[in-house]
Amino acid sequence: QVQLVESGGGLVQAGGSLSVSCVASGRTLSSFAMGWFRQAPGKEREFVVAISWSGKSTYYADSVKGRFTCSRDNDKNTVYLQMNNLKPEDTAVYYCAAGGKYGSSRTGDYLYWGQGTQVTVSS
């Protein structure tokens, strides 16, 4: 059993930066690849980034590539998402997920999900 808790969301002006974190409990985070997804009101959950269990490889959605950076610290059971140059269209609830070893862009490939943290980007 794994519990994931996101934190760090908030309100930021367009062009600003924000960092969100996901802390795992119940099982060491190093057992899984991790993914970040986001969901805006009225829209389906959207892939943001995946990171392998070792943190050696990452895969970003085109919409965030070059602006977002995902990293992990397995000793702290924590995965991070640094978001720079934020845009209003980045506004969503951001969810972290755990599953597999190398990461995936598909929600169905993840076993565990956090409750999400709200990120709002104003213009």
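Every heavy atom of this structure was used, including side-chain atoms; hydrogens, water molecules and symmetry mates were not.
- With contacts defined as side-chain heavy-atom distances shorter than 4.5 Å, the pair Val79/Trp36 qualifies.
- The side-chain heavy atoms of Ser63 and Glu89, taken from C-beta on, include no pair separated by under 4.5 Å.
- The CG atom of Leu86 lies 6.5 Å from the CG atom of Leu18; values are rounded to the nearest 0.5 Å.
- Across every non-hydrogen atom of Ser17 and Asn84, the tightest pair is OG-OD1, 2.9 Å.
- Ion pairing of Lys65 with Asp62 is present here, as a side-chain N (NZ or NE/NH1/NH2) and a carboxylate O approach within less than 4.0 Å.
- A cation-pi arrangement, defined by a distance under 6.0 Å to the six-membered ring centre and an angle within 45 degrees of its axis, is absent between Arg38 and Tyr95.
- Looking at Thr78 and Ser21, their side chains never bring a donor and an acceptor atom within 3.5 Å of each other.
- Heavy atoms only, all atoms of each residue included: Ser123 and Ala14 are closest at CA-CB, 4.4 Å.
- Between the side chain of Glu6 and the backbone N or O of Gln115, at least one donor-acceptor pair lies under 3.5 Å.
- With contacts defined as side-chain heavy-atom distances shorter than 4.5 Å, the pair Trp113/Arg45 qualifies.
- A donor-acceptor pair under 3.5 Å is absent between the side-chain atoms of Arg72 and the main chain of Asn77, judged by distance alone.
- Using a 4.5 Å heavy-atom cutoff, the side chains of Val2 and Leu4 are in contact.
- Counting only heavy atoms from C-beta outward, the side chains of Val119 and Met83 approach each other to under 4.5 Å.
- Under the 3.5 Å distance criterion, the side-chain polar atoms of Thr58 are left unmatched by any main-chain donor or acceptor of Ile51.
- Checking side-chain atoms of Ser19 against main-chain N and O of Gln82 turns up no donor-acceptor pair under 3.5 Å.
- Side-chain contact between Val49 and Phe68 is absent, with no heavy-atom pair separated by less than 4.5 Å.
- At a threshold of 4.5 Å between side-chain heavy atoms, the hydrophobic network of Ile, Leu, Val, Met, Phe, Trp and Tyr places Val20 and Val12 in one connected group.
- Atom NZ of Lys101 is surrounded by more than 12 heavy atoms from other residues, nucleotides or ligands within 6.0 Å.
- Remark: side-chain polar atoms of Tyr60 are paired, donor with acceptor, to backbone N or O of Cys70 under 3.5 angstrom.
- Formation of a donor-acceptor pair under 3.5 Å by the Tyr110 side chain with backbone atoms of Ser104 is found in this model.
- Within the 4.5 Å cutoff, the side chain of Tyr112 has heavy atoms near those of the Phe32 side chain.
- Remark: Tyr94 OH to Cys22 SG distance equals 14.5 Å, nearest 0.5 Å.
- Note that CD of Gln3 is 4.5 Å distant from OG of Ser25, once rounded to the nearest 0.5 Å.
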Practice prompt. For Ser52 and Ser57, run side-chain hydrogen bond (donor to acceptor under 3.5 Å, both in side chains): C-alpha distance rounded to whole Å, both residues' side-chain angles, the deciding distance at 0.1 Å, then the answer.
Written response: CA-CA 6 Å; Ser52 65; Ser57 62; 3.2 Å; yes
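- Looking at every heavy atom in both residues, Val48 comes nearest to Val64 through O-CG2, 3.6 Å.
- Listed by chain and number, the residues in a ring-ring contact (aromatic ring centres under 6.0 Å, His included) with Tyr59 are Phe47 (sequence neighbours excluded).
- Taking CE from Met34 and CG from Asn74, the interatomic distance works out to 9.5 Å, rounded to the nearest 0.5 Å.
- Atom CD of Gln118 is surrounded by more than 12 heavy atoms from other residues, nucleotides or ligands within 6.0 Å.
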